[in-house]
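Here's the structure, in structure tokens; my notes come after.
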Amino acid sequence: MTHPPIRVHRIGAWLPVAGALAALGCVDVSTGGVLECLAPASPGGGWDLTCRSTAQALGELALITGAMRVINMPGAGGGVAYAHAVTHRVGDARLIVAASPATTLRLAQGQYGQFTERDVRWLAAVGAEYGILAVRADAPWASLEDLVAEWRVRSETIVVGGGSAMAGQDHMKVLLVAHGAGADPRRIRYVPFDGGGEAMTSLLGGFVQVFSGEASEVEGQLQAGTMRVLAVLAPERLVGAFADVPTAREQGYGVEWITWRGFYLPGGISDSAYGAWVSVMAQLEASPEWAQARRANRLQPFFRVGAEFERFVAGEVQRFREMSREIGLLR
């Protein structure tokens, strides 16, 4: 089997931490070993933030022994990091890898080649944010229904921008809304950008007409009055700056998109090591320090760990697979 070359960028200082894993006898870092958090993208994105904020909180709480460093390994929408964990780090309990629905969506669509969700151990989701659809403040659409009405008759004239690849999560959000509205998802024009920041810049510059992204990405623009959020893809309204923004469900479109932030471990690790990590994540979630870090990173509470998270991921992969078939992305 051949594997793609792996580009590794080691960023940042060592983070000294101490505590539970070594105490449980699962990870021996007493002889210079280190713990690693692998972010499957360049610095600055959601996966990188997930690693760095978690590593910092674990250090402050002294929940693990040794040192944790963040490694950035971009490529293939998380596929390079996934292949690295599956093929080169089997049984290595020193490694955790950041994940999100972008990971499970690509697995559902077979975009990680022969690898499946069963090749790793799913550890925990530690927070979440929700998808949104937004336009410029001077756009002609005042509501989601206004936009959908035009999609039904002239979908090719409206260009949507997002920070994910084609068939990625930002693309899927808009396809699901269009599908639920009776518009042909295959006629929706979507332009992928290298991150939500570039997509928003394109929207504000008039190069695209709709932005598909996350609530945290547009909060500043919403408060500044430069963008209008047509819908939040959450089960209920958010608070703060988004309190007056209706959900898609309120407007008659039963589409929700929760962007959880979490981790998986390499396959082949021992049950005792897995259990130790589950314990660490449960203690992290229960701490006021993590609640503060989550708020600082504009994440909503969302916690699944251990067997519950494994079941959640299995269900999400299946749901994404069915969605992708329904809107014509898979056969």
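No hydrogens, no waters, no symmetry mates; every other heavy atom, side chains included, goes into these values.
Without hydrogens or angle criteria, Gln221 side chain to Val218 main chain gives no donor-acceptor distance under 3.5 Å. The main-chain N or O of Gly46 is found under 3.5 Å from a side-chain atom of Thr50 such that the two form a donor-acceptor pair.
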Extract all donor-acceptor atom pairs below 3.5 Å that involve side chains of residues 206-215 and protein atoms in other chains or at least two apart in sequence.
from   : atom 1 : to     : atom 2 : distance (Å)
Gln209 : OE1    : Val159 : N      : 2.8
Ser212 : OG     : Asp170 : O      : 2.7
Glu214 : OE1    : Thr259 : OG1    : 2.9
Glu214 : OE2    : Lys173 : NZ     : 2.7
Glu214 : OE2    : Thr259 : OG1    : 3.0

Got a list of side-chain donor-acceptor pairs under 3.5 Å for residues 284-294, not counting sequence neighbours?
from   : atom 1 : to     : atom 2 : distance (Å)
Ser287 : OG     : Leu284 : O      : 2.7
Ser287 : OG     : Trp290 : N      : 3.1
Trp290 : NE1    : Val126 : O      : 3.1

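To the nearest 0.5 Å, atom CH2 of residue Trp141 and atom CZ of residue Arg136 are 10.5 Å apart. Going from atom CG of Leu133 over to atom CG of Leu233 covers 5.5 Å, rounded to the nearest 0.5 Å. Atom CZ of Phe263 sits about 3.5 Å away from atom OG1 of Thr54, to the nearest 0.5 Å. If you take CG on Leu63 and CE on Met281, they are separated by 9.0 Å, rounding to the nearest 0.5 Å. Trp122 contributes atom CH2, which lies 5.5 Å from atom OG1 of Thr103 (distance to the nearest 0.5 angstrom). The distance from the CD1 atom of Ile188 to the CD1 atom of Ile327 is 10.5 Å, given to the nearest 0.5 Å.
By the neighbour-count criterion of 12 heavy atoms within 6.0 Å, atom CG of Asp244 is sparsely surrounded, having that number or fewer from other residues, nucleotides or ligands.
Here the two rings, on Trp47 and Tyr264, have centers that are 6.0 Å apart or farther.
Between Val97 and Met73, the closest side-chain pair of non-hydrogen atoms is not below 4.5 Å. A 4.5 Å side-chain heavy-atom check between Met227 and Leu204 finds at least one atom pair inside the cut-off.
The aromatic rings of His88 and His84 sit tilted relative to each other, their planes meeting at an angle between 30° and 60°.
Evaluation of the ring-ring contact (aromatic ring centres under 6.0 Å, His included) test over residues 152-200, restricted to residues two or more places apart or in two chains, returns His171-Tyr190.
For Arg106, there are no salt bridge (Lys or Arg N to Asp or Glu O under 4.0 Å) partners, not counting sequence neighbours. The side-chain contact (heavy atoms from CB on, under 4.5 Å) test applied to Val278 returns Leu123, Tyr274, Val305, not counting sequence neighbours. In this view, Glu236 satisfies the salt bridge (Lys or Arg N to Asp or Glu O under 4.0 Å) rule with no residue, not counting sequence neighbours.
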Could you go through Glu316 and Arg319, starting from their C-alpha distance and side-chain angles, then the distance that decides it, and tell me whether this counts as salt bridge (Lys or Arg N to Asp or Glu O under 4.0 Å)? CA-CA 5 Å; Glu316 183 165 86; Arg319 183 166 58 91; 3.6 Å; yes

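A salt bridge links Arg89 with Asp92: the distance from a Lys NZ or Arg NE/NH1/NH2 to an Asp or Glu carboxylate oxygen falls below 4.0 Å. A salt bridge links Glu256 to Arg249: one of the charged nitrogens lies within less than 4.0 Å of a carboxylate oxygen.
Looking at Tyr253 and Glu145, their side chains do bring a donor and an acceptor atom within 3.5 Å of each other.
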